[in-house]
Amino acid sequence: MIGLALDLLIIVSLIGLAIQSINAASLFRGILHFVVLGLAMSLAWARLDAPDLAMAEAAIGAGVTGALMMIAYRRLIEIQPDQESSLRPPPSRLAVPIALAAGALVGVIGLAAIQAEPMPALAGTAVLENLGSTGLGNPITGVLLLFRGFDTLLEITVLLAALLSAQAVTRQVDLDQSLTTQDPDTPLVGALLAIVVPLTVLVSVHLLKAGGQETGGAFQAGAVLAACGVLLVLTGRLGASRQYSPLVNTGLLVGLLSFILIGLAPLLWGQPLLALPGLWAIYWIESAMMISIALTLVLLFAGAGSLKRRDHG
Amino acid sequence: MDSATLYVLAAAVLFGIGVHGLIVSAHLMRKLFAINIMGSSIFILLVATATPISGQADPIPQALVLTGIVIAVSATAFGLALMVRMSQETGKATLAVEDEPENDD
């Protein structure tokens with residue numbers, strides 16, 4: 001009963017926040033509602049027995065997306081301070097019927113899926129049965145790295161493609177000044193970073209290591225590490241740069257390249273593609289992916305092709 | 001009514017809100033919110049309709065959705081970059097309405 005009430009509360013807030021994020025009077029308020037919507041989503045995942053998704057949603061969905069939206073908003077108001085003056089398009093008479101039909105379609109599909117004779121989840125059963133022999137404890141990590149490794153390989157490729165596309169359309173002009181407004185030499189900032197940065201690194205490495213056996217994984221860890229990078233950019237410790245940096249480029253590619261090389265290797269001894277040779281390979285790939293994911297997200301935030309260190313006394 | 005049904009209904013409502021927002025919002029960032037809300041509603045649908053396997057959650061839909069969340073962020077980041085560039089070029093972050101048919105890309 002309490003559970004159902006909790007579900008109802010979460011759902012009501014999801015719907016309210018969704019309406020608010022689209023219809024809020026100011027765009028900035030819309031962004032805030034959208035970030036809170038991400039947090040409410042992560043509560044929903046926790047209720048739906050999906051702790052890995054809850055963590056990913058909180059870190060990636062709410063955290064990183066929110067940061068990306070706020071920095072985009074910041075760039076928009078530099079160009080045109082009044083983002084709300086733009087005229088609304090003439091109200092569409094079809095919008096409400098189309099929205100109702102689309103919502104009804106999703107509802108009918110979902111209800112049909114629930115009420116249909118429960119089919120045995122063949123793939124899921126196979127995963128849970130074979131998980132023991134892999135040495136992994138978290139079935140989701142098993143699916144991501146072993147049973148459906150190809151999906152994850154493509155996923156990290158998409159992340160890289162998104163970064164390259166975003167860079168291709170970003171105009172590289174005086175971006176590095178626009179990110180920091182606060183005086184970066186305030187003593188408190190240094191003290192804060194001295195505590196927060198090591199702690200974040202610790203948390204992300206823990207998430208990475210935990211991913212093998214329990215809740216966690218490369219994507220959650222990478223997002224937490226990216227938050228640390230975003231903080232360093234905002235406090236002026238890292239700056240956007242146009243200069244080619246071998247270190248940054250290696251970091252960007254290490255995840256994809258490790259996955260491809262370790263995935264191709266089994267072909268040499270007659271094993272199928274992406275048949276990873278043991279737990280060390282999984283942890284290696286996950287660590288490399290964590291670094292690449294974090295760096296990709298930070299570069300997307302900075303809107304730059306590279307980063308450089310900036311020193312403050 | 002069990003909680004799976006509740007979440008399916010919530011997904012339906014959220015999808016409707018997303019579609020409506022996508023059509024009526026003028027600002028591109030609001031359209032991005034709407035697209036993300038539509039995506040999230042489908043993620044909820046996928047996880048809520050999965051059948052548990054002997055008391056354990058089916059890992060396949062969850063892994064699928066985890067991949068989906070990361071792809072959604074990538075696509076949103078690219079969308080935001082496009083929006084900022086468009087705003088730099090045209091001075092506004094809205095799509096052209098009917099009276100400007102020459103640049104309706």
Next item on the list: Heavy-atom pairs under 4.5 Å with chain A are the metric here; pick the option from Pro59(B), Ser40(B), Ala81(B), Gly16(B) that has the most.
Entry: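 Of Pro59(B), Ser40(B), Ala81(B), Gly16(B), Pro59(B) has the most heavy-atom pairs under 4.5 Å with chain A.
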
Next item on the list: Please determine, among Thr76(B), Val13(B), Thr67(B), the option with the most heavy-atom pairs under 4.5 Å with chain A.
Entry: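 Heavy-atom pair counts peak at Thr67(B).
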
Kindly compute the distance separating [atom1] ([X]) from [atom2] ([Y]), expressed to the nearest 0.5 Å.
X: Gln115(A); Y: Thr49(B); atom1: CD; atom2: OG1; result: 12.0 Å
X: Phe33(B); Y: Ser21(A); atom1: CZ; atom2: OG; result: 6.0 Å
X: Phe15(B); Y: Ile109(A); atom1: CZ; atom2: CD1; result: 8.5 Å
X: Met29(B); Y: Leu27(A); atom1: CE; atom2: CG; result: 5.5 Å
X: Ile69(B); Y: Phe219(A); atom1: CD1; atom2: CZ; result: 11.0 Å
X: Leu300(A); Y: Ser74(B); atom1: CG; atom2: OG; result: 7.5 Å

In terms of heavy-atom proximity below 4.5 Å to chain A, should [X] be classed as side chain, backbone, both, or neither?
X: Leu66(B); answer: both
X: Ile17(B); answer: both
X: Leu46(B); answer: neither
X: Leu82(B); answer: both

Of the backbone (N, CA, C, O) and the side chain (C-beta and beyond), which part of [X] lies under 4.5 Å from a heavy atom of chain B, both, or neither?
X: Leu154(A); answer: neither
X: Leu37(A); answer: side chain
X: Ile293(A); answer: neither
X: Gln220(A); answer: side chain
X: Leu4(A); answer: both
X: Val127(A); answer: side chain

For [X] versus [Y], what's the shortest heavy-atom pair and its separation?
X: Ala72(A); Y: Leu80(B); result: CB-CD2, 3.9 Å
X: Tyr7(B); Y: Ala44(A); result: CE2-CB, 3.8 Å
X: Val19(B); Y: Ala99(A); result: CG1-CA, 3.9 Å
X: Gly21(B); Y: Ile22(A); result: CA-CG2, 3.7 Å
X: Val8(B); Y: Leu111(A); result: CG1-N, 3.7 Å
X: Leu48(A); Y: Gln62(B); result: O-NE2, 4.4 Å

Notebook entry, point to check: Taking only residues at least two apart or on different chains, which pairs with a member in residues 37-46 of chain A satisfy salt bridge (charged side-chain N to carboxylate O under 4.0 Å, His left out)?
Noted result: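 Found none.
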
Notebook entry, point to check: Between Ile15(A), Leu94(A), Val108(A), which has the largest tally of heavy atom pairs under 4.5 Å with chain B?
Noted result: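 When all of Ile15(A), Leu94(A), Val108(A) are compared, Ile15(A) has the most.
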
Margin query: Out of Ile31(A), Leu8(A), Leu105(A), return the one with the most heavy atom pairs under 4.5 angstrom to chain B.
Written below: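 Max contact count across the listed options: Ile31(A).
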
Next item on the list: Run the numbers on Leu32(B) and Phe34(A) for side chain to side chain contact (heavy atoms under 4.5 Å, CB included), then give the verdict.
Entry: CA-CA 10 Å; Leu32(B) 278 174; Phe34(A) 188 78; over 6 Å; no

Scan the side chains in residues 49-70 of chain A for donor-acceptor partners under 3.5 Å anywhere in the protein, sequence neighbours excluded, and list what turns up.
{"unit_1": "Asp52(A)", "atom_1": "OD2", "unit_2": "Asn138(A)", "atom_2": "ND2", "d": "3.1"}
{"unit_1": "Asp52(A)", "atom_1": "OD2", "unit_2": "Gly216(A)", "atom_2": "N", "d": "3.2"}
{"unit_1": "Glu57(A)", "atom_1": "OE1", "unit_2": "Trp45(A)", "atom_2": "NE1", "d": "2.9"}
{"unit_1": "Thr65(A)", "atom_1": "OG1", "unit_2": "Ile60(A)", "atom_2": "O", "d": "3.1"}
{"unit_1": "Thr65(A)", "atom_1": "OG1", "unit_2": "Gly61(A)", "atom_2": "O", "d": "2.9"}

Next item on the list: Using modelled atom types only, decide if a donor and an acceptor are shared between the side chain of Arg30(B) and the backbone of Ala24(A) within a distance under 3.5 Å.
Entry: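 Yes.
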
Note to self: Quick check against the 3.5 Å criterion: does Arg85(B) have a side-chain atom that pairs as donor or acceptor with the backbone of Thr170(A)?
What the structure shows: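 Side chain of Arg85(B) to backbone of Thr170(A), a donor-acceptor pair under 3.5 Å: no, none is there.
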
Is the closest side-chain heavy-atom distance between [X] and [Y] below 4.5 Å?
X: Leu14(A); Y: Ile44(B); result: yes
X: Leu76(A); Y: Gln88(B); result: no
X: Arg148(A); Y: Leu64(B); result: no

Next item on the list: Take Val106(A) and Leu14(B) through the test side chain to side chain contact (heavy atoms under 4.5 Å, CB included) and record every step on the way to the result.
Entry: CA-CA 10 Å; Val106(A) 171; Leu14(B) 285 175; over 6 Å; no

